[in-house]
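Data first, discussion second: the structure below is written as structure tokens.
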Amino acid sequence: MTEVRVRFPPSPTGYLHIGGARTALLNWLWARKNNGKLILRIEDTDAERSTEESIAGIIDGMTWLGLDWDEGPYFQTDFSDDHTKAAKKLLASGHAYKCFCTKEELDQKREAAMAAKKDVRYDGTCRDLTPEQVAEKEAQVIPSVIRFKVPQKEGKVAYEDKVLGTIERSYDDIEDFVIVRSNGKPLYLLCNVVDDIRDRISHIIRGQDHMSNTTRQVLLYQALDAPIPVFAHMPLTLDLQKRKISKRSHGEIVAVQFYREKGFIPWALCNFLALLGWNPGTDQEIFSREELIEVFTLERIGKVNSVFNYQKGNAKFFTDPKLISINEHYLRTMDITELAELVKQDFEEQDIWDKAYDGDKREWFLTTLDLIRDRFHTTRDFATLGRAYFADDYTVEAKPLKKNILKHPDLKTWLPMLAERFAVLDDFNKETTESTSRELAEELDIKPGILINGMRTALTGQLAGPGMFDILVALGKERVVNRLNNIDHLYDGA
RNA sequence: GUCCCCAUCGUCUAGUCAGGUCCAGGACACCGGCCUUUCACGCCGGCAACACCGGUUCAAAUCCGGUUGGGGACGCCA
């Protein structure tokens, strides 16, 4: 069996978006499943639009997602000679010809055809020029492009698609497409094929938007006398209006970088992306890398375009709810030490990382993460919603402040009373803190909930959280006593 | 205008190739309940779909034809 070699060939004209990431992911899965190779190839032949930042962004994005590649990054522009040679070969073998029609003429014809609702294909003006006519035009230094000479015959070009089955298209319906610009630079259709032949690509997994390219490229493979790879066209990802998602019209929400900044778990995003247009045929939806590699097949890629379900301006569902839910699932079930690594990165950025979390306080750090992670959505929440556990500069949210503190002005004296009793506890644990709290409530003849919720708000700034006495233990006696003794400022604004 | 692809709950989808076990299963979201000092988690329950028409057949989500709808492509972009 021949080696499986796949590629991810982004054009560096913007950041890595989720559609591109999904393409990369599926190629990666196929490579890993077959012990094959994934080649990263930057298709930068469009010099005007290609940028360095974009290249860096793509590489960062893939690295963050954990999609490693085995060869490259190669740069298409480094192989211009190959492309030019191939074009010459096609010209020499009669598979291509020079076309002297000017861009202006063609644009005009195309517009006219569009306007008249007529076929817009190239009319073949230069297809049958004699060698003499060509020589004459060249003598006059008329610029020319090179067009591929699509066989004029009955029948159809066909290829087997792993997802869609047999795809056919009449030769008749394919125009003589341009493969080299008048400035001598070969175009995508050709470069892409030449590179794939050189890189010995065995499977081409890409979006359905490439289907019309594929039929033309099959012709190129045949003309270049090269084996045709296996094709698998995956469905596109659309927005709620059924429009192809793009960086241009959808902005940051479709950028991989956005999810990184929001504190998503990289593999959660991969897991979600895999499910968009692919499924294992079972009810399983959560997969480890190994599991996904194991069960992934090209045949189970869907045929139907899928909708990336997000509504602009919805704060709760700022991206596809299913993606959020998968991320939450990982957040609360993943190995706590792996989670700690991700949180560490956030904390370092937020400047609330304590080196002891890797040392003396390691155990405490992990236990605390585990205690609070159930309520969080992204790793960012540890430094924001969960800030009170790790730093003293947490904010007390308005809603709980009003409900649990301001509503009961006597807490101003009650909470310090509680602090006083906590301070003298020899063993500051769940049981002792709970009985202490309940005893005080009884003495004061108030519901324990008033003290408990007041404490929660004062100590964590939050309306909700873990069991109160777990919180006390997590915070530790010293912090609890300090914070409960310093609550006057909470009443300042009132 | 031409060509190509597609069509199951709001969304992601199973089931379609080998028609009956599907008055259509799962997940997310939503609603209700349990749990609970709070909020989550968890658990239980609910709502909700085979685009339409015709054909084949004892039997169609599944096969065939058409209609409609959606998407993609039609660049000297990639």
Side-chain angles (χ1 to χ4, degrees), chain A residues 9-13 43-46 48-50 76 99 101-103 106-107 110 113-122 143-147 161 163-165 167-170 172-175 177-183 185 187-189 191-192 207-215 233 235-236 238 240 242-244 272 275-286 302-310 316-317 320-326 328 332 372-376 400 403-404 434 437-438 441 447-453 455-457 462-469:
Chain A
S11 61
T13 55
E43 307 224 318
D44 57 348
T45 53
D46 187 348
E48 268 124 62
R49 297 196 301 152
S50 299
Q76 197 160 51
C99 169
C101 298
T102 66
K103 193 175 192 313
L106 294 171
D107 285 349
R110 186 162 37 238
M114 279 282 194
K117 301 252 179 220
K118 292 248 177 76
D119 201 342
V120 295
R121 286 174 300 170
Y122 176 61
S144 64
V145 299
I146 299 177
R147 281 181 188 275
D161 187 287
V163 175
L164 271 0
I167 305 297
E168 303 179 312
R169 194 171 174 192
S170 302
D172 223 22
D173 291 325
I174 309 171
E175 74 172 340
F177 52 93
V178 176
I179 53 176
V180 180
R181 295 178 171 100
S182 55
N183 66 5
K185 303 256 193 237
L187 263 347
Y188 166 79
L189 239 23
C191 299
N192 191 247
Q208 284 184 14
D209 51 343
H210 279 283
M211 285 178 71
S212 73
N213 286 334
T214 302
T215 32
H233 289 101
L236 270 17
L238 312 174
L240 234 28
K242 295 281 174 70
R243 271 189 275 271
K244 205 171 131 178
F272 168 77
L275 256 19
L276 217 54
W278 175 88
N279 76 80
T282 65
D283 286 342
Q284 188 176 356
E285 298 202 306
I286 301 293
K303 299 180 180 184
V304 194
N305 291 164
S306 44
V307 171
F308 183 70
N309 184 22
Y310 87 99
K316 186 172 176 194
F317 298 119
D320 194 313
K322 185 124 185 178
L323 169 54
I324 295 176
S325 124
I326 290 177
E328 289 166 345
R332 57 183 184 248
I372 60 182
R373 64 169 159 173
D374 269 359
R375 288 160 189 79
F376 293 167
K403 188 179 167 192
N404 297 331
E434 176 157 11
S437 305
R438 290 190 187 279
K447 281 190 274 186
I450 294 177
L451 286 183
I452 290 172
N453 289 323
M455 263 197 282
R456 182 192 310 286
T457 303
Q462 298 290 307
L463 183 61
M468 192 57 234
F469 306 102

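Computed from a predicted structure; not experimentally measured. Below, read A as the first sequence line, B as the second, and so on, with proteins coming before strands; counting in each chain starts at 1. Values below: every heavy atom of this structure, side chains too, minus hydrogens, waters and symmetry copies.
A:Arg243 places its CZ atom 9 Å from the P atom of B:rG72, with the value rounded to the nearest Å. Whole-Å rounding puts the A:Leu451 CG to B:rU37 P distance at 15 Å. Rounding to whole angstrom units, CG of residue A:Asp107 and P of B:rC74 are separated by 14 Å. If you measure from atom CG of A:Leu238 to atom P of B:rG70, you get 13 Å, rounded to the nearest angstrom. In this structure, CG of A:Leu187 is placed 9 Å from C1' of B:rA78, rounded to the nearest angstrom. Atom C1' of nucleotide B:rU2 and atom CG of A:Asp172 are separated by 11 Å, given to the nearest angstrom. If you take OH of A:Tyr188 and P of B:rC74, they are 11 Å apart, rounded to a whole angstrom. Atom pair A:Trp278:CH2 and B:rC12:C1' shows a separation of 13 Å (rounding to whole Å applied).
Remark: B:rG19 base-pairs with no nucleotide in the shown strands. Criterion, Watson-Crick or G-U wobble with two distances under 3.5 Å. Nucleotide B:rG1 forms a Watson-Crick or G-U wobble pair with B:rC74, both donor-acceptor distances falling under 3.5 Å. For B:rC50, there is no paired nucleotide, since no Watson-Crick or G-U wobble pair has both relevant distances below 3.5 Å. Using the Watson-Crick or G-U wobble rule with both distances under 3.5 Å, B:rU68 pairs with B:rA7. Nucleotide B:rG42 has B:rC34 as its partner under the Watson-Crick or G-U criteria, with both atom distances under 3.5 Å. Figure legend. B:rU57 is base-paired to no nucleotide; pairs are counted as Watson-Crick or G-U wobble with both atom distances under 3.5 Å.
A:Ile167 comes within 4.0 angstrom of sugar-phosphate atoms only, judged by non-hydrogen atoms across all strands, and of no base. Contact annotation for A:Gly467: base contact, defined as any heavy-atom pair under 4.0 Å involving a base atom. Within the 4.0 angstrom heavy-atom criterion, base atoms lie near A:Pro466. Using a 4.0 Å heavy-atom distance criterion, A:Val145 is classed as a base contact. Within 4.0 Å (heavy atoms only), A:Met468 reaches at least one base atom of the nucleic acid. Residue-level contact check: A:Ser182 touches the bases, meaning some heavy atom is under 4.0 Å from a base atom. Using a 4.0 Å heavy-atom criterion, one finds that A:Val120 contacts the bases of the nucleic acid, with or without backbone contacts as well. A:Lys447 comes within 4.0 angstrom of nothing in the nucleic acid, heavy atoms only. Within 4.0 Å of A:Phe469, counting heavy atoms only, lies at least one base atom of the nucleic acid. Among the protein residues, A:Glu285 comes within range of the nucleic acid bases, having at least one heavy atom under 4.0 Å from a base atom. Using a 4.0 Å heavy-atom criterion, one finds that A:Thr45 contacts the sugar-phosphate atoms exclusively.
A donor-acceptor pair is defined here as one N or O able to donate and one able to accept, closer than 3.5 Å; no such pair exists between the side chain of A:Asn192 and the backbone of A:Tyr188. A donor-acceptor distance shorter than 3.5 angstrom exists from the side chain of A:Arg375 to the backbone of A:Gly465, with no hydrogens or angles considered. Side-chain atoms of A:Asp320 come within 3.5 Å of backbone atoms of A:Asn309 as a donor-acceptor pair (strictly under, hydrogens ignored). With hydrogens and angles disregarded, no donor-acceptor distance shorter than 3.5 Å links the side chain of A:Ser11 to the backbone of A:Thr13. Under a 3.5 Å cut-off, the side chain of A:Arg456 and the backbone N or O of A:Pro466 do form a donor-acceptor pair.
Rounding to the nearest 0.5 angstrom, the gap separating the OG1 atom in A:Thr457 from the NZ atom in A:Lys403 is 9.0 Å. A:Gln284 contributes atom CD, which lies 11.5 Å from atom CG of A:Asn279 (distance to the nearest 0.5 angstrom). A distance of 8.0 Å separates NE2 of A:His210 from OG1 of A:Thr214, quoted to the nearest 0.5 Å.
Closest-nucleotide positions on RNA chain B for A:Lys103 and A:Asp209 were compared, and the one nearer the 5' end corresponds to A:Asp209. When each of A:Asn453 and A:Arg169 is assigned the nucleotide of RNA chain B with its nearest heavy atom, A:Arg169 is the one assigned upstream, toward the 5' end.
Here, B:rC17 and B:rA7 have their P atoms 13 Å apart, quoted to the whole Å. Distance check on atom P: B:rU37 versus B:rC22 gives 43 Å, rounded to whole Å. Going from the P atom of B:rG70 to that of B:rG32 covers 36 Å, rounded to whole Å. With C1' as the reference atom, B:rC52 and B:rU8 are 15 Å apart, rounded to whole Å. If you take atom P in B:rC63 and the same atom in B:rC6, they sit 12 Å apart, rounded to whole Å. B:rA48 and B:rC31 have their C1' atoms separated by 12 Å, with the value rounded to a whole Å. Rounded to whole Å, the P atom of B:rG65 lies 24 Å from the corresponding atom of B:rG71. Comparing the P positions of B:rC43 and B:rC5 gives an interatomic distance of 44 Å, to the nearest angstrom.
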note = Under a 4.0 Å heavy-atom criterion, the protein footprint on nucleotides 29-35 of chain B, written with B, S and -, is SS-----

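Looking at the side chain of A:Asn309, the nearest of the listed nucleotides B:rG71, B:rG10, B:rG26 is B:rG10. The side chain of A:Arg375 lies closest to B:rC39 when the candidates are B:rA78, B:rC4, B:rC39. In the set B:rU11, B:rC12, B:rA78, the nucleotide with an atom closest to the side chain of A:Ser306 is B:rC12. The nucleotide whose nearest atom lies closest to any side-chain atom of A:Ala464 is, among B:rC3, B:rU38, B:rC76, B:rU38. Taking the side chain of A:Val178 as heavy atoms from C-beta on, and the options B:rC5, B:rC41, B:rC76, the nearest nucleotide is B:rC76. Listed candidates were B:rC12, B:rC6, B:rA78. Nearest to the side chain of A:Val304 is B:rC6.
Under the salt bridge (charged side-chain N to carboxylate O under 4.0 Å, His left out) criterion, A:Arg49 pairs with A:Asp46, not counting sequence neighbours. Scored by the salt bridge (charged side-chain N to carboxylate O under 4.0 Å, His left out) test, A:Glu328 finds no partners at all (sequence neighbours excluded).
Inspection of the A:Ser50 and A:Asp44 side chains reveals no N or O donor paired with an N or O acceptor under 3.5 Å.
Under 3.5 Å, the side chain of A:Ser212 and the base of B:rC4 form no donor-acceptor pair of N or O atoms. Counting distance only, with no hydrogens placed and no angle test, the side-chain atoms of A:Asn213 and the base atoms of B:rA78 include a donor-acceptor pair under 3.5 Å.
Note on A:Lys244: a side-chain N or O is less than 4.0 Å away from OP1 or OP2 of B:rA73. OP1 or OP2 of B:rC77 sits under 4.0 Å from a side-chain N or O of A:Arg181. Dashed line: the shortest gap from a side-chain N or O of A:Arg110 to OP1 or OP2 of B:rC76 is under 4.0 Å.
Ring geometry for A:Phe308 against A:Phe272 counts as perpendicular: the plane angle is over 60°, on a 0 to 90° scale with 30° as the lower cut.
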